[in-house]
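Structure, as structure tokens:
As a basis for the values below, the full set of heavy atoms in this structure was taken, side chains included, without hydrogen atoms, waters or symmetry mates. Chain letters run A, B, ... following the sequence lines, proteins first, then strands; residues in each count from 1.
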Number of protein chains: 2
Amino acid sequence: MFNKETEYALRSLVYIQYRNNRDNMPGIEEISTEIEAPQSFIAKILQRMVRLGFIGSVKGKGGGYYFDANNAELSLKELILATEGGNILNGCGFGLKHCNSENPCPLHEQYGPIRDTINKLVSEETIQSLARKENAAFRVKNIGT
Amino acid sequence: MFNKETEYALRSLVYIQYRNNRDNMPGIEEISTEIEAPQSFIAKILQRMVRLGFIGSVKGKGGGYYFDANNAELSLKELILATEGGNILNGCGFGLKHCNSENPCPLHEQYGPIRDTINKLVSEETIQSLARKENAAFRVKNIGT
DNA sequence: TTACAAAAGGACAAAAAGGTCTTCTTGTAA
DNA sequence: TTACAAGAAGACCTTTTTGTCCTTTTGTAA
């Protein structure tokens with residue numbers, strides 16, 4: 001569905017928010033361990049998240065990452081647009097550059113509703129709404145084989 | 001949505017079937033021009049399609065590619081599984097290896113219906129059903145910028 | 001029956017995605 | 001007030017995807 005960067009960013013951010021909700025500020029080591037993703041890759045991705053202004057970071061002893069509770073919630077859409085662009089949200093299932101109701105590809109009619117549902121999902125859900133779900137931390141973990 | 005190989009395969013095959021329906025057997029040059037895709041890449045992809053038994057080919061003067069009308073229709077699902085595997089059809093939106101109703105990721109509930117709809121679409125639609133749509137050839141073209 | 005059009009095959013190359021490693025900088029806690 | 005934990009930064013590497021090019025084989029049409 002999403003590429004690795006989006007996937008790891010999503011899992012990291014939900015984990016950060018979940019821990020913030022419990023008055024913790026996790027660091028890279030904790031995050032990468034808990035979401036089961038490569039530590040240095042997560043470091044790089046979170047660095048980008050900080051530069052984008054999605055999260056804040058604290059350096060030095062006891063440091064880590066946090067969401068500023070004063071900022072608006074971060075929708076999945078904003079995150080996805082920043083990490084992999086709008087291809088999933090706008091692209092034609094057939095790969096045509098100009099596919100629309102006047103000039104539809106053979107999949108247009110059936111794919112439209114799917115794309116709409118995806119757009120609705122990523123517009124309505126936020127990192128915070130996902131982190132609020134009970135057991136969110138557990139569900140963030142990449143358990144299993 | 002799909003990767004390039006799937007996308008080009010899809011467009012090529014629909015085009016081939018569309019031309020077959022009109023008693024033509026297009027070659028690589030015609031196909032790649034009409035669907036606006038790199039000729040040598042299309043050649044390689046169609047070679048794979050032949051090896052998979054999805055289409056037949058005729059060498060020599062007047063040669064090209066064709067669907068055997070005696071074979072069953074080729075569902076999009078079969079094609080997708082062959083070109084890029086079942087990730088889109090089975091994968092978890094959150095990227096978890098084991099995401100299910102007992103151990104759901106935070107997106108599980110909302111993503112499930114989307115995945116189901118995609119599965120329904122690719123199971124029901126075939127290359128042939130797409131090629132039958134009026135104006136299919138035009139709609140296969142990648143017109144525009 | 002042969003010329004040649006067209007597919008088959010495979011080596012190679014470029015670009016993007018995914019990931020690692022090392023060094024530098026910062027700033028908090030002791 | 002300094003030690004050091006932890007993030008920042010960027011070079012570099014690997015794998016996968018996407019694509020190109022060239023040679024060989026095939027088989028139909030003339």
Side-chain angles (χ1 to χ4, degrees), chain A residues 1-13 15-16 19-20 24-67 80 82-85 87-88 95 142, chain B residues 1-13 15-16 19 24-67 80 82-85 87-88 91 95 142:
Chain A
M1 179 68 176
F2 303 121
N3 66 24
K4 288 293 177 190
E5 183 177 347
T6 304
E7 206 179 284
Y8 290 156
L10 188 52
R11 300 226 298 270
S12 297
L13 295 185
Y15 183 78
I16 291 167
R19 295 292 285 158
N20 286 177
N24 283 105
M25 185 169 65
I28 285 172
E29 195 177 340
E30 175 184 342
I31 296 167
S32 61
T33 302
E34 290 300 315
I35 71 170
E36 296 187 15
Q39 179 166 334
S40 351
F41 198 21
I42 293 300
K44 174 177 282 182
I45 291 171
L46 290 184
Q47 196 181 308
R48 288 181 194 141
M49 297 295 110
V50 170
R51 271 198 277 226
L52 285 164
F54 289 166
I55 51 177
S57 71
V58 174
K59 291 183 183 179
K61 205 172 268 185
Y65 298 92
Y66 64 92
F67 277 93
I80 291 166
T83 52
E84 58 176 82
N87 220 15
I88 291 187
N142 192 5
Chain B
M1 179 67 175
F2 302 121
N3 66 25
K4 288 293 176 191
E5 183 177 348
T6 304
E7 205 180 284
Y8 290 156
L10 187 53
R11 300 225 300 267
S12 297
L13 295 185
Y15 184 78
I16 292 166
R19 295 292 284 157
N24 283 105
M25 185 170 65
I28 284 172
E29 194 176 342
E30 176 183 342
I31 297 167
S32 60
T33 302
E34 290 301 315
I35 71 170
E36 297 189 14
Q39 178 165 334
S40 357
F41 197 21
I42 293 301
K44 175 176 285 184
I45 290 171
L46 289 184
Q47 196 181 308
R48 289 183 196 138
M49 297 295 110
V50 171
R51 271 197 278 225
L52 285 164
F54 289 166
I55 52 178
S57 70
V58 174
K59 291 182 184 181
K61 205 172 271 185
Y65 299 91
Y66 64 93
F67 277 93
I80 291 165
T83 51
E84 59 176 81
N87 219 16
I88 290 188
N142 191 5

Looking only at the side chain of [X] (C-beta and beyond, no hydrogens), which of the listed nucleotides [options] gets closest?
{"X": "A/Asn3", "options": "D/dA8, D/dC21, C/dG18", "answer": "C/dG18"}
{"X": "A/Ser57", "options": "D/dA8, D/dT26, C/dG19", "answer": "D/dA8"}
{"X": "A/Lys4", "options": "C/dG19, D/dT18, D/dG19", "answer": "C/dG19"}
{"X": "B/Pro38", "options": "D/dG19, D/dC21, D/dA9", "answer": "D/dG19"}

Does a side-chain N or O of B/Tyr65 approach OP1 or OP2 of C/dA8 to a distance below 4.0 Å, or not? yes
So, taking the atom named CD1 in B/Ile16 and the one named CG in B/Asn24, what distance separates them when rounded to the nearest 0.5 Å? 12.5 Å
At under 4.0 Å between heavy atoms, what does B/Ile28 touch on the DNA or RNA strands: base, sugar-phosphate, or nothing?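 It contacts sugar-phosphate atoms only.
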By the 4.0 Å heavy-atom rule, please label B/Arg48 as base, sugar-phosphate, or nothing. nothing
B/Glu84 (side chain) donor-acceptor with B/Asn3 (main chain) under 3.5 angstrom: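 Yes: the side chain of B/Glu84 pairs with the backbone of B/Asn3.
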Nearest-nucleotide comparison on DNA chain D, the residue closer to the 5′ end among A/Lys44 and B/Glu5: A/Lys44
Residues, nucleotides or ligands: over 12 heavy atoms within 6.0 Å of B/Glu29 CD: no
Quick one: closest heavy-atom pair of B/Ile35 and B/Arg11, and the distance? O-NH2, 2.8 Å
